[in-house]
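Some notes on the structure that comes next.
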Amino acid sequence: AKRVLYIVDYSGSMASQNIEGNTRISVLKNELIESIEKLAPSMRYTVVFFSGMPWLQDELPGSQMGRIGRPDVDLDITWYSATKKNKEATFDAVRGMPLAPNNSGTLWMGGLRPSSKISPRPDLVFFLTDGVSQDYIRLPQDASSEDFFREFVDNTKAWDSFLAEMLSVVPKGIPINTVSMEMPGTAAARLAQLAAKTGGDFSIVNEGKLYTGKRALRFGDEKYNSF
């Protein structure tokens with residue numbers, strides 16, 4: 001791959017901790033930095049952050065708040081050469097970027113939609129998130145977290161429709177490698193499905209350990225759901 005796009009979840013839920021006391025966002029940062037570090041200098045990359053809206057590494061924290069709930073916003077995305085200098089600038093942004101406020105939500109479409117608008121197109125996409133999308137959940141504002149997760153798990157018709165919508169937006173023929181951050185169960189299964197539909201791979205970090213291939217897929221079992 002010559003051009004690699006990273007789409008990373010910086011929503012408030014990423015502050016949750018695993019059993020070892022590490023937050024999901026700290027795990028994500030480590031995985032992201034390790035991946036970018038491995039890129040050859042001849043390659044190009046870019047990072048799109050998202051929660052209820054997308055933003056870029058060179059935007060000031062808080063400047064993107066006016067986009068909350070607008071996953072269709074256009075971004076002026078730059079491809080960076082994978083030089084040591086550019087990588088260090090990205091690492092500083094990744095480490096220092098604050099999470100979005102809890103009330104900003106988690107809209108996958110905000111992260112994925114820009115992938116179809118970059119020119120030239122990416123050759124590979126990495127999508128890193130805890131795996132719980134609010135794009136297709138329609139509940140009253142005062143609904144409990146248990147009601148939300150039950151809707152997330154049980155409303156498979158809405159999920160199927162949203163999956164079709166995502167597949168209509170992302171670039172055709174480009175694999176999306178999905179990575180679940182400490183969220184086994186239905187959330188992991190949904191990410192695995194997105195990866196499979198695009199010819200990508202699914203992996204999961206669970207309790208601080210990275211699993212790939214068939215070992216990762218077993219974490220999609222509903223027995224792991226906890227709500």
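For T46 (side chain) and T78 (main-chain N/O), a donor-acceptor pair under 3.5 Å exists by modelled atom type. A distance-only check finds a donor-acceptor pair linking the side chain of R3 to the backbone of R121 [under 3.5 Å]. Of the possible donor and acceptor atoms, one in the side chain of R190 sits under 3.5 Å from a partner among the backbone N and O of V153. The backbone N or O of L39 sits less than 3.5 Å from a side-chain atom of K87, completing a donor-acceptor pair. At least one donor-acceptor pair closer than 3.5 Å links the side chain of S133 to the backbone N or O of D135. K117 contributes no side-chain N or O that, together with a main-chain N or O of D76, makes up a donor-acceptor pair within less than 3.5 Å.
Side-chain contact between T106 and V132: absent, with no pair of heavy atoms (C-beta onward) separated by less than 4.5 Å. In this structure, M109 and Y136 have side chains that are not in contact, with every pair of non-hydrogen atoms separated by 4.5 Å or more. The shortest distance between side-chain heavy atoms of S11 and L99 does not fall below 4.5 Å. Counting heavy atoms from C-beta outward, F202 and S180 have side chains that approach closer than 4.5 Å. D123 places none of its side-chain heavy atoms less than 4.5 Å from the side chain of V4. With contacts defined as side-chain heavy-atom distances shorter than 4.5 Å, the pair K2/M43 does not qualify. With a 4.5 Å cut-off on side-chain heavy atoms, L56 and E59 count as touching. Within the 4.5 Å cutoff, no side-chain heavy atoms of F149 are placed close to those of S226.
A187 and G131 get closest at one heavy-atom pair: CB-O, 3.3 Å. The two residues G52 and L107 have their closest heavy-atom pair at O-CD1, 3.5 Å. Closest approach of K29 to M97, counting heavy atoms only: NZ-O, 4.3 Å. Minimum heavy-atom separation, N102 to S13: OD1-N, 4.1 Å. Between Q134 and G105, the closest heavy-atom pair is OE1-CA, 2.9 Å. The two residues A188 and I204 come nearest to each other via the heavy atoms CB-CD1, 4.1 Å.
A donor-acceptor contact under 3.5 angstrom links the side chains of W159 and Q193, judged on distance only. No side-chain donor-acceptor contact under 3.5 Å links T186 and Y224. Side-chain N/O atoms of T23 and S26 include a donor and acceptor closer than 3.5 Å.
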Next on the checklist: Set out, in order, the CA-CA distance, both residues' side-chain angles and the distance that settles side chain to side chain donor-acceptor pair (under 3.5 Å) for S35 and Y45, then state yes or no.
Outcome noted: CA-CA 11 Å; S35 180; Y45 72 94; over 6 Å; no
Checklist entry - side-chain contact (heavy atoms from CB on, under 4.5 Å) between T198 and V125: does it pass, once the steps are laid out? => result CA-CA 10 Å; T198 62; V125 175; over 6 Å; no
Checklist entry - Between L124 and I174, does a side-chain contact (heavy atoms from CB on, under 4.5 Å) hold up when you go through it step by step? => result CA-CA 6 Å; L124 177 63; I174 296 176; 5.5 Å; no
Checklist entry - Yes or no on side-chain contact (heavy atoms from CB on, under 4.5 Å) for I36 and V47, after CA distance, side-chain angles and deciding distance? => result CA-CA 10 Å; I36 294 174; V47 182; 4.1 Å; yes
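Going from atom CG of L128 over to atom CD of E31 covers 7.5 Å, rounded to the nearest 0.5 Å. Interatomic distance, CD1 of I118 versus CZ of R44, reported as 13.0 Å (0.5 Å rounding). Of the inter-residue distances, the one linking R95 atom CZ with T90 atom OG1 reads 10.5 Å to the nearest 0.5 angstrom. Atom CG of residue L112 and atom CE of residue M166 lie 6.5 Å apart, to the nearest 0.5 angstrom. One distance of note links CH2 of W79 with OG of S119; it measures 10.0 Å at 0.5 Å rounding. Here the CG atom belonging to D201 is positioned 12.0 Å from the CD1 atom belonging to I176, to the nearest 0.5 angstrom.
At most 12 heavy atoms of other shown residues, nucleotides or ligands fall within 6.0 angstrom of atom NZ in K157.
Among the candidates E207, E182, K209, the single residue satisfying the side-chain hydrogen bond (donor to acceptor under 3.5 Å, both in side chains) test with N18 is E182. Residue Y6 forms a ring pair (Phe, Tyr, Trp, His ring centres under 6.0 Å) with just one option from Y80, F126, F50, and that option is F126.
With salt bridges taken as basic N to acidic carboxylate O contacts below 4.0 Å, none links E88 and K84. A salt bridge links D130 with R24: the distance from a Lys NZ or Arg NE/NH1/NH2 to an Asp or Glu carboxylate oxygen falls below 4.0 Å.
Note that R218 lies in the cation-pi zone of Y211, set by a 6.0 Å cut-off to the ring centre and a 45° limit from the axis.
Contacts of E151 classified as side-chain contact (heavy atoms from CB on, under 4.5 Å), with partners at least two apart in sequence or in another chain: I137, L139, N155.
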